[in-house]
Amino acid sequence: VATSVSRISEITKVADHMGIDLRPVSKALRHDKRIGPKSYIYPGLGFTGGNLERDIKVIQGLLKKFGETSDFMDTIVSTNDHHNKIVHRQLEKIFKTFKGLNVAFLGITYKSFTNTLTGSLTLSIAKELLEKGCIIKAFDPLVSRENSYLRNEITITSDIDTCLDK
């Protein structure tokens, strides 16, 4: 999974510079029998969440313990970290200042169909925007205000409309 996410992250960078919408390309690629319909080739943020990152770190640690290099895993982590910073760079191109800017997040868990916030890239982005002075609202059908560890800083709304209201 991490390799697939990193691969599409690199392709996404090229597509962004060329002004290409990668969604139809990734849809077409999944029709190729060598790739398959379940392949993770969707443009978007990099991988996140505790388990995958933990697994990669365990493999890196074991390789180091055995005196082996972990170049491949290091590259996956580096590619992922770099790709996840693209969101910040894109926002900085759009907005001159962040102070007082209203930002809404639709979905804040680390993946769909869970209420787990640990390892959420969305919350990582939200934290950085909070530090820059943004006002953050979020809606996720599986997250309640009580289980958000940023509940004092982010307004967790009960519906999309409230989240999108200023």
key: Non-hydrogen atoms of Phe98 and Cys134 that approach each other most closely   = O-SG, 3.5 Å
Closest approach of Thr114 to Leu142 (non-hydrogen atoms, all atoms of both residues) = N-CD1, 3.3 Å
inquiry  = Ile108 and side-chain contact (heavy atoms from CB on, under 4.5 Å): which single residue from Asn115, Ile125, Thr122 fits?
reply    = Thr122
ask   = Do any N or O atoms from the side chain of Thr79 and from the backbone of Thr75 form a donor-acceptor pair under 3.5 angstrom?
value = yes
request  = Give a yes or no on whether the backbone of Ala138 and the side-chain of Thr157 come within a donor-acceptor separation of less than 3.5 Å.
outcome  = yes
Say you draw a straight line from [atom1] of [X] to [atom2] of [Y]; how long is it, rounded to the nearest 0.5 Å?
X      : Y      : atom1 : atom2 : value
Asp16  : Ile86  : CG    : CD1   : 7.0 Å
Ile136 : Leu123 : CD1   : CG    : 10.0 Å
Leu63  : Phe72  : CG    : CZ    : 11.5 Å
Lys64  : Gln60  : NZ    : CD    : 10.0 Å
Ile135 : Lys99  : CD1   : NZ    : 9.0 Å
Thr162 : Asp159 : OG1   : CG    : 3.5 Å

request  = Identify whether Ile154 and Leu101 are in the same connected component of the hydrophobic contact network (ILVMFWY, side-chain heavy atoms under 4.5 Å).
outcome  = yes
task = Give a yes or no on whether Phe139 and Leu129 share a hydrophobic cluster (residues Ile, Leu, Val, Met, Phe, Trp, Tyr; joining criterion: side-chain heavy atoms under 4.5 Å apart).
result = no
Is the closest side-chain heavy-atom distance between [X] and [Y] below 4.5 Å?
X      : Y      : result
Val77  : Ile56  : yes
Glu153 : Glu131 : no
Leu164 : Lys137 : no
Leu117 : Tyr110 : no
Val103 : Phe105 : yes

message = Set out, in order, the CA-CA distance, both residues' side-chain angles and the distance that settles side chain to side chain contact (heavy atoms under 4.5 Å, CB included) for Leu106 and Cys163, then state yes or no.
response = CA-CA 8 Å; Leu106 303 178; Cys163 185; 3.9 Å; yes
task = Salt-bridge test for Glu128 and Lys85: reply yes if a basic N is under 4.0 Å from a carboxylate O, no otherwise.
result = no
